[in-house]
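Data block below; observations after.
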Amino acid sequence: MNLFWRNTLTLAGAATLTLGLAHAQTPDLSDPPDIEGDVLEDHGSHTLRMGIGLAESSPQYLSVKYFADILDQRTEGRISVDIFPNSQLGDDVQMMEMLQTGSLDMTYPSSSPATTYVEELAAFDLPFLLPNRDAAIAVMQSDTAQRMLDGFEGSGIKALAFSENGYRQLTNSARPVESPEDVAGLDVSGLTIRTMENPVHLSIWETLGANPTPMAFGELFSAMEQGVVDGQENPWSTILTSNFHEVQDYGSETRHVYTPFILMISERTWERLAPEYQELVQDAARKSAEYEIQLATEYDDWSREQLEEKGMQITRLDDEQIAAFQEAVQPVYDEWAPRIGEDLIAEIQEIVESTSSQ
Ligand code: KDG
């Protein structure tokens, strides 16, 4: 564990089960791809416990069900996956620690709190680095990203695949936000914003004049309900499937950061699996991650429309308004780019540019 990174954060304590009930409604979703391949030879039975932060209707949960179905079908039920949604078993930070000790088999955090294990992951936290989904996907599928997954080696965690959490959007209960000035407040105080446990995110919101508070995702709904924080930022699908519209009146399509998820397994669990099972788990992880990206894409705009229908006042920012945010967070780049690594950022920018020239 890198102490420098750890010390930058204030951990917000244990996750509690405070999310609203899961939404039953979903957009028109693609069916999971057919499960192909023979049934594997019997190498013993395993039950894998997987904890995730999000609700049963989220793209993350639905893709994990597909992951479980692949393992079930290819082993005739010898590998089963028990999924615990809604931060029931803890938050991203706690569940990664449980993977290290072997008290939990699998989890699926955002890359942002995982920067305590692999610092290079913080490149994803730089605001406005990935301008569109094609670029983001190209980066997640690149050798650069594979190097980041390999960087977990020796930590007690094996990182299997990247997928999409998505473009993060700001919501709050105080006022419509169209500009950095609205975040900072002119005659009123800056918005109190919950962030993930990640120093770059703290820096973004401090720079914008907000009062950022890192907090576990599982505590967020009640923190907003009780007015402990004014707002938060997450992809529209998470805002909808976690029922944040019940406690947040305003949304702004800021798209300030694209966050990936990382599907991971405890190294202890991994080592207990026969090589043929390991290969299957790795393959199922990649396939379910691809499916997750597909679902997250299908959810994104649909979720924003649903939120509007449910009464959230959503501001779509034009290019000029986005540019104002981009300019305001330039100091975050200046502070963090040298610490994260200029070469790494240049590598990512090259991948981004190669997608725009296609
Ligand atoms: O399962 C993932 C969630 O725990 C979390 O990563 C969601 O983006 C998230 C957040 O804001 O904490």
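Atoms within a ligand are numbered from 1 in the order they appear, just like the ligands themselves. Only a predicted model underlies this, so the values are computations on that prediction, with no experimental measurement involved.
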* Can Arg49 be said to sit on top of Phe84's aromatic six-ring, NZ or CZ under 6.0 Å from centre and within 45° of the ring axis? -> yes
* To do: Mind checking the OG-CG spacing from Ser111 to Asn198? Nearest 0.5 Å is all I need.
  => 8.0 Å
* To do: Classify the ring geometry between Tyr66 and Tyr291 as parallel (under 30°), tilted (30 to 60°) or perpendicular (over 60°).
  => perpendicular
* Hey, is CD on Glu276 packed in by over 12 heavy atoms from elsewhere, all under 6.0 Å? -> yes
* Asked: Around ligand 1, what residues show up once you keep those with a heavy atom under 4.0 Å from it?
  -> Ile52, Gly53, Leu54, Gln60, Asp92, Tyr108, Ser110, Asn165, Arg168, Arg194, Met196, Phe217, Asn234, Phe261
* To do: May I ask you to decide whether Arg74 forms a salt bridge with Asp38, counting only side-chain N to carboxylate O separations under 4.0 Å?
  => no
* Asked: For the ring pair His256 and Trp205, is the centre-to-centre distance below 6.0 Å?
  -> yes
